[in-house]
Amino acid sequence: MEISAALVKQLREASGAGVLECRKALEQAGGDLDKASAILREKGLAKVSKKAERAAKDGRVELYAHTGNRVGVMLELNCETDFVARNEDFKALAHDLALHIAFASPRYLRPEDVPADVIEAQKAAFREEALATGKPEAVIEKIIQGKLEKFYDDTCLLRQPFVRDDKVKIVDLINGLVAKIGENIVIRRFARYELGEDA
């Protein structure tokens, strides 16, 4: 099947992938744009896992103050090169992440960052709730694990659904740009301040 330049251009604009990658994906998908997009996404995710090992020491510190200056966020977003740090997509991601942090108020970056004493306190509270239902011990353990996963989804930035599109988790938002630009991107740290809030 002959793949038109217009079709390649359309896929390239939608995915951000290179011309040759788009042409190969379209050939593999028999000219079907949706299938070709799925093929590019799979390849992108494979690239993401390979790039996760690479050092990301460049980037930017993004500052965000919510309307009325009652909430402020400072975020360090790292990439591998200063070229990508100046890229408009990278800047937009940094801004979106800072805006998300202001709105969603995550306390930790990932589940591994949650202190052990906080996890134990949560498990104890969940156990107490579950025991009150009178369910058997085996079911209670599953309930506790399910509630702990929900706790991570609510409090860990990388597991939260993005405020502008709740079908996309923050980790997927970052991985999408990693796949597009071909560099590792890492949230190094963040801080959220709210007027009158205790430290």
Side-chain angles (χ1 to χ4, degrees), residues 37-38 41-54 56 59 61-78 92-179 184-199:
S37 291
R41 263 194 307 279
E42 285 173 23
K43 286 182 180 176
L45 291 176
K47 285 181 186 175
V48 166
S49 63
K50 287 179 187 171
K51 293 184 188 323
E53 304 297 315
R54 298 190 340 204
V61 172
E62 184 72 18
L63 304 173
Y64 174 80
H66 197 61
T67 308
N69 293 326
R70 297 192 61 81
V71 176
V73 172
M74 185 181 291
L75 163 79
E76 182 182 348
L77 186 66
N78 296 134
L93 175 65
H95 177 77
D96 283 346
L97 290 171
L99 178 127
H100 173 90
I101 291 165
F103 177 81
S105 190
R107 296 196 315 222
Y108 312 102
L109 181 57
R110 61 183 74 82
E112 305 87 80
D113 299 336
V114 181
D117 60 326
V118 172
I119 293 172
E120 289 310 313
Q122 288 296 322
K123 282 183 176 178
F126 297 150
R127 176 173 291 286
E128 202 172 301
E129 284 175 31
L131 285 171
T133 65
K135 296 196 170 142
E137 187 64 30
V139 174
I140 287 173
E141 286 307 315
K142 287 182 182 173
I143 291 171
I144 292 169
Q145 198 53 47
K147 285 183 178 272
L148 195 58
E149 291 300 317
K150 177 75 172 94
F151 171 76
Y152 292 146
D153 290 344
D154 290 341
T155 60
C156 298
L157 176 59
L158 292 176
R159 296 212 11 192
Q160 289 181 326
F162 182 40
V163 295
R164 289 190 170 167
D165 181 357
D166 62 5
K167 293 176 188 70
V168 177
K169 294 211 181 242
I170 293 297
V171 69
D172 299 326
L173 189 69
I174 295 167
N175 287 344
L177 188 57
V178 170
N184 191 19
I185 297 173
V186 177
I187 297 174
R188 181 76 59 217
R189 56 193 159 178
F190 66 91
R192 181 186 182 276
Y193 302 93
E194 188 163 352
L195 202 61
E197 184 179 61
D198 291 334

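Atoms considered below: every heavy atom in the structure, side chains included; atoms not considered: hydrogens, waters and symmetry mates.
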Worksheet, complete the sentence: Residue set satisfying side chain to side chain contact (heavy atoms under 4.5 Å, CB included) with Asp172, at least two apart, ordered chain then number -> Val168, Lys169
Worksheet, complete the sentence: The complete set of salt bridge (charged side-chain N to carboxylate O under 4.0 Å, His left out) pairs with one or both residues in residues 61-73, sequence neighbours excluded, reads Arg60-Glu62
Worksheet entry | Evaluation steps, side chain to side chain contact (heavy atoms under 4.5 Å, CB included), between Ile144 and Lys147 | CA-CA 5 Å; Ile144 292 169; Lys147 285 183 178 272; 5.9 Å; no
Which donor-acceptor pairs under 3.5 Å do side chains of residues 115-126 form with protein atoms, sequence neighbours excluded?
none

Worksheet item: Quick one: CG on Leu77 to CZ on Phe190, what's the gap to the nearest 0.5 Å?
Response: 12.5 Å
Response to the item:
For Arg164, the salt bridge (charged side-chain N to carboxylate O under 4.0 Å, His left out) test, sequence neighbours excluded, returns Asp96
Below 3.5 Å, can you tabulate the donor-acceptor pairs from side chains in residues 130-137 to any protein atom, sequence neighbours excluded?
from, atom 1, to, atom 2, distance (Å)
Thr133, OG1, Ala130, O, 2.4
Glu137, OE2, Arg127, NH1, 2.9

Response to the item:
Rounded to the nearest 0.5 angstrom, the CG-CG distance for Leu177 and Leu93 is 5.5 Å
Worksheet item: So, for Leu157 and His100, which heavy atoms are closest and what is the spacing to 0.1 Å?
Response: CD1-CD2, 3.5 Å
Response to the item:
Residues at least two apart in sequence or cross-chain that pass side chain to side chain donor-acceptor pair (under 3.5 Å) with Asn78, listed by chain then number, are Glu76, Arg188
Worksheet entry | Euclidean distance, Met74 CE relative to Tyr193 OH, rounded to 0.5 Å | 6.0 Å
Item to complete: Could you list the residues that satisfy side chain to side chain donor-acceptor pair (under 3.5 Å) with Tyr108, not counting sequence neighbours?
Response: none
Item to complete: Tell me, please, which residues at least two apart from Asp165 pass side chain to side chain donor-acceptor pair (under 3.5 Å).
Response: none
Discussion item. Would the distance check show the side chain of Asp113 and the main-chain N or O of Arg110 forming a donor-acceptor pair, the cut-off being under 3.5 Å?
Written reply: yes
Worksheet item: For Pro161, what residues pass the side chain to side chain contact (heavy atoms under 4.5 Å, CB included) criterion, not counting sequence neighbours?
Response: Asp166
Response to the item:
Distance col, row Thr155:OG1 vs Lys150:NZ, nearest 0.5 angstrom, shows 10.0 Å
Worksheet entry | Spacing of Ile187 atom CD1 and Ile101 atom CD1 [to the nearest 0.5 Å] | 6.0 Å
Item to complete: To the nearest 0.5 angstrom, please state how far the CG atom of Leu158 sits from the CG atom of Asp153.
Response: 11.5 Å
Item to complete: Could you tell me whether the side chain of Arg192 and the main chain of Val73 form a donor-acceptor pair under 3.5 Å?
Response: no
Practice prompt. Looking only at non-hydrogen atoms, find the nearest pair between Leu75 and Ala94 and report the distance.
Written response: CD2-O, 3.5 Å
Worksheet entry | Non-neighbouring partners of His95 that pass side chain to side chain donor-acceptor pair (under 3.5 Å), sequence neighbours left out | none
Worksheet, complete the sentence: Closest heavy-atom pair, Cys156 versus Pro106, reported as atoms and distance to 0.1 Å, is C-CB, 4.5 Å
Practice prompt. Report, as yes or no, whether the 6.0 Å neighbourhood of atom CD on Glu112 holds more than 12 heavy atoms from other residues, nucleotides or ligands.
Written response: yes
